[in-house]
Each structure stands twice: as structure tokens, then as C-alpha cells.
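See structure below.
As the structure is a prediction and not an experimental result, all values here were calculated from the model. Note that the numbering runs from 1 along the sequence shown for the chain.
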Amino acid sequence: MFEFFIAKKHILEKKKQSLIGIIGIMIGVTVLIVSIGISNGLDKNMIGSILSLSSHISVYDVDNKSQYEKVEDKIKDIPGVKGVLPKISTQGLIKYKGVYGDYVSGVKIEGLDIEKAKTAIDIEKKLVHGSLSTTKKNSIYIGNELFKQLGANIGDKIFLVSAENQELPLEITGVFESGYYDYDVSMVIIPLETAQYMMYMEDKITNLEITLNNPYDAEKISDILFEKYGLFNRTWGDQNKNLLSALALEKSVMIIVFSLIVVIAGFVVWVIMNMLVREKIKDIGIMRAMGFSNKNIMKIFLIEGLSLGVIGIFIGVALSFFLLWYIENYSISGITSIYYLSKIPVEISVKEITIIIFVNFIVIFLSSVFPAYRAGKMETMEALRYE
């Protein structure tokens, strides 16, 4: 136990240097945990927003009603499937005459079975104005951002023009908010039968959309669909591969850059420990003369370095939790307006925190062990040579 007592005495003697080391480690831990927490939260929010009105798996090799209804029953029996939704997806134009004058814009047209959409994509929960109608064939649902741009009201007439130059007068029945700006400003939803009429498709669809209870089971269920039923399909990961790769690269670069702070903190501890060993050469000589072994001397200085690291890591983790709590519960208006968020999302796992703590501990250990080894191998006569 005497090693702990001497190590404590050395740390308290050099309060300024010890404080600098602790602050450096604390900053490194805090920056890593907070940045990863916010990055994870933003990534999860973006993926959730993209998937809010889209499926997790799209099946393409079924087109007519008899085919997709037969397949639909089989898919529903697969564990983890939340809903199956027949869909027609195409491009078109909207025309609207309102208080701001004439408005014409290109939109993505989604023809959905409204009744099935209630289960599959929870469309009813996403409505912020109006109501959902499963019987009205001339209804149209538009995004909240588009609704604001039009200056429209529920019940207003709007003209939808398909790629086949078929123009239909429709009634704004509801307004949805998905959380994804592109959807809310450039997507419209109409009943499946209306889309089939506009596209001259009779009872056909472009694809069958499958939503899951857990989006990350998409690959597993995709394999079942192909191997068991021979259905060609693409998962949401396949459809957003470039985006997911960009997010992964961005996160990797961020972690590498912020990890440099940890390395610098480790270097600071190494410098402090080396200075301490130099200043304590006389004390080391006296302890060796008193019978202290190389192992005892090395342990003293190793405990000093690790103590600085553990204190810095503990304070850093506590500060990180406080900052993440504050960021999550008190929205920062400037950031939330830029990123189309009501508050900053935060997401970090125990595994990630454990890895950060472990890596920091290893860096501090390596920064401490070499000066401690140098002190431990010092002989009595060498230490007292100039005293």
C-alpha cells in the first residue's frame, strides 16, 4: 500500500501538472463520447426519416393483382414482417391556384392502398392536418412543407398531372409530416386505384413494399424471400447504399480526427511523468538505498500515471453524460432549424462507451509505463551520482 501513498504525495505536490494531465484526458474522452453520441443520433434520425414513408424491402417481380395478393399472404406469415403494401411509384406535376398565385411543381407520386398503409407505414400517425379516408378516390395527401408553400387549406382542389399527361382534379384530404424534408416538399400520396387509373395500369402495381418491425432484419428476410419464394427484391440498405457508405466514412473520419485529442492527452501524461521522474531522481536513489525494489519504484510511477488517467476518464464520462442529456432535452434553435429537427437526437451504446474508456486507458497506460520503467531500472549509485 505504501506505493499508493507515495504516488498520492507526488500527485499532490505537482498539482498544476497533474491538473493539466487530468483536463487533457477529460477533454479527449468528452469530445469522443459527445461527438459519437450526436453522430449516431443524427444518423439514426436520418435513416428513420427516410424510412418513415418508404419500405424496408421492395419486391419487383409481381405486377398484377392475382400475383401480389397470393404472395402477400405468404410474406405476412414470415416472422418480423409488419405489413405488406402494394404500390405504384411515378413522377408527375401538381397545379394549384391559391393565395400566392399559380403554382406548378414536379412531384413524386406514390399510389398506395390506404387501408394497408395504416398498418404498414403508420400513415395515420403522420398526419398533422386533415384526416385519412379509405373510401375517397379523389383524395390526395401532401407534405407539410409543400402545404405551407402552396398556402392551401384542407378541402382545396389541386390538379395532378401524370407522366402519361393524364390530368385529374383531386381534393387535399390530409397533410403528412415524415420528418424528411424531401418527402415533405416533393411527395404526394394518392389511393392505389386512382394511380392505376392515371397510369392506365388496370390492376397492376410497380412493386410490393414490405415493412418490418426491425429495419435491421431486412437482409435476413430478403434472403428468405429470394431463397424460399424466388422473389427478386432490394432492401432499404441496397437502395440507400451510397448514403450509408457516406455516413460510415464521415463517422470514421470524425473518430480518427477526434482520437488525436486522446493521443495528445496521452503525450501530455508522458511528458508530465518524464518530468516527475527527472525531478525525483534523488528520491528514487534514497528509496533504492532503503531497500525498495525495481518493481516497487516502477509501481509508484505507474500508479501516478494511471491515477491521472482514471480521474480524467471518470470526469470525462460524467461530463459527457451531462452534455448529452442537455443537448437532447434542450433544443439548440440554430442547429434544429438547419437540420429540420425539433431537437438534437442522441444515441450511444454501452459498448461504444466501454470501447472509448478502454482505448483511453490503454493510451494512458502506455504513456505511463515507459517513464515508470525508466525510473524502476535506475540503480542507487546512478540516482545519487550528482547529489
(request) Considering only NZ, NE, NH1 and NH2 on the basic side and carboxylate oxygens on the acidic side, decide whether Lys82 and Asp122 come within less than 4.0 Å. (result)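 Counted as a salt bridge, because a side-chain N and a carboxylate O are separated by less than 4.0 Å.
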Roughly how far, to the nearest 0.5 Å, is [atom2] of [Y] from [atom1] of [X]?
X	Y	atom1	atom2	result
Ile78	Ile224	CD1	CD1	5.5 Å
Asp43	Ile38	CG	CD1	12.0 Å
Lys157	Ile140	NZ	CD1	11.5 Å
Met26	Leu19	CE	CG	9.0 Å
Trp236	Ile57	CH2	CD1	11.5 Å
Thr173	Lys136	OG1	NZ	4.0 Å

Any side-chain donor-acceptor pair under 3.5 Å between [X] and [Y]?
X	Y	result
Tyr103	Gln149	yes
Ser139	Glu171	no
Asp238	Thr235	yes

Heavy-atom count around [X] [atom1] within 6.0 Å, excluding the residue itself: above 12?
X	atom1	value
Asp77	CG	yes
Met46	CE	no
Tyr60	OH	yes
Phe358	CZ	no
Lys204	NZ	no
Asp73	CG	yes

Side-chain contact test, heavy atoms from C-beta onward, threshold under 4.5 Å: evaluate it for [X] versus [Y] and give yes or no.
X	Y	answer
Ile221	His56	no
Leu146	Ile94	yes
Ser259	Leu32	yes
Leu160	Val107	yes
Leu208	Val84	yes
Lys44	Pro345	no
Glu177	Asp184	yes
Val175	Ile154	yes

Closest heavy-atom pair and its distance - [X], [Y]:
X	Y	answer
Phe159	Glu167	CD2-OE2, 3.4 Å
Met198	Gln166	CE-O, 3.4 Å
Met254	Ser39	CE-CB, 3.8 Å
Leu53	Ser178	CD1-CB, 3.7 Å
Lys126	Ser52	CE-O, 3.0 Å
Ser368	Gly305	OG-CA, 3.2 Å

(request) Begin from the C-alpha positions of Leu302 and Val369 and carry the test side-chain contact (heavy atoms from CB on, under 4.5 Å) through to its verdict. (result) CA-CA 6 Å; Leu302 188 58; Val369 73; 4.1 Å; yes
So does [Y] get a backbone contact from the side chain of [X], meaning a donor-acceptor N/O pair under 3.5 Å?
X	Y	value
Asn45	Gly41	no
Thr194	Lys137	yes
Ser162	Gly92	no
Thr206	Ser89	yes

(message) Angle between ring planes, Tyr183 versus Tyr180, binned at 30° and 60°: parallel, tilted or perpendicular?
(response)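 It falls in the perpendicular class, over 60°.
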(request) In sequence, state the C-alpha distance, the side-chain angles, and the governing distance for Glu347 and Asn40, and then conclude on side-chain hydrogen bond (donor to acceptor under 3.5 Å, both in side chains). (result) CA-CA 5 Å; Glu347 180 83 17; Asn40 288 347; over 6 Å; no
Determine, using the 4.5 Å side-chain heavy-atom cutoff (strictly less than), whether [X] and [Y] are members of one ILVMFWY cluster.
X	Y	answer
Leu212	Val59	yes
Val188	Leu93	no
Phe370	Phe365	yes
Ile172	Val128	yes
Ile364	Val263	no

(request) Let me see the working for Thr211 and Ile121 under side-chain contact (heavy atoms from CB on, under 4.5 Å), right down to the final yes or no. (result) CA-CA 7 Å; Thr211 54; Ile121 59 174; 3.9 Å; yes
(request) Walk me through it: do Ile27 and Ile261 pass the test side-chain contact (heavy atoms from CB on, under 4.5 Å)? (result) CA-CA 8 Å; Ile27 291 172; Ile261 299 174; 4.1 Å; yes
(message) So, applying side chain to side chain donor-acceptor pair (under 3.5 Å) with Gln239, which one of Ser54, Ser55, Ser58 is it?
(response)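 Testing each of Ser54, Ser55, Ser58 against Gln239, the sole residue satisfying side chain to side chain donor-acceptor pair (under 3.5 Å) is Ser58.
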(request) May I have the step-by-step check of side-chain contact (heavy atoms from CB on, under 4.5 Å) for Ile189 and Ile114, ending in yes or no? (result) CA-CA 9 Å; Ile189 297 172; Ile114 302 299; 4.3 Å; yes
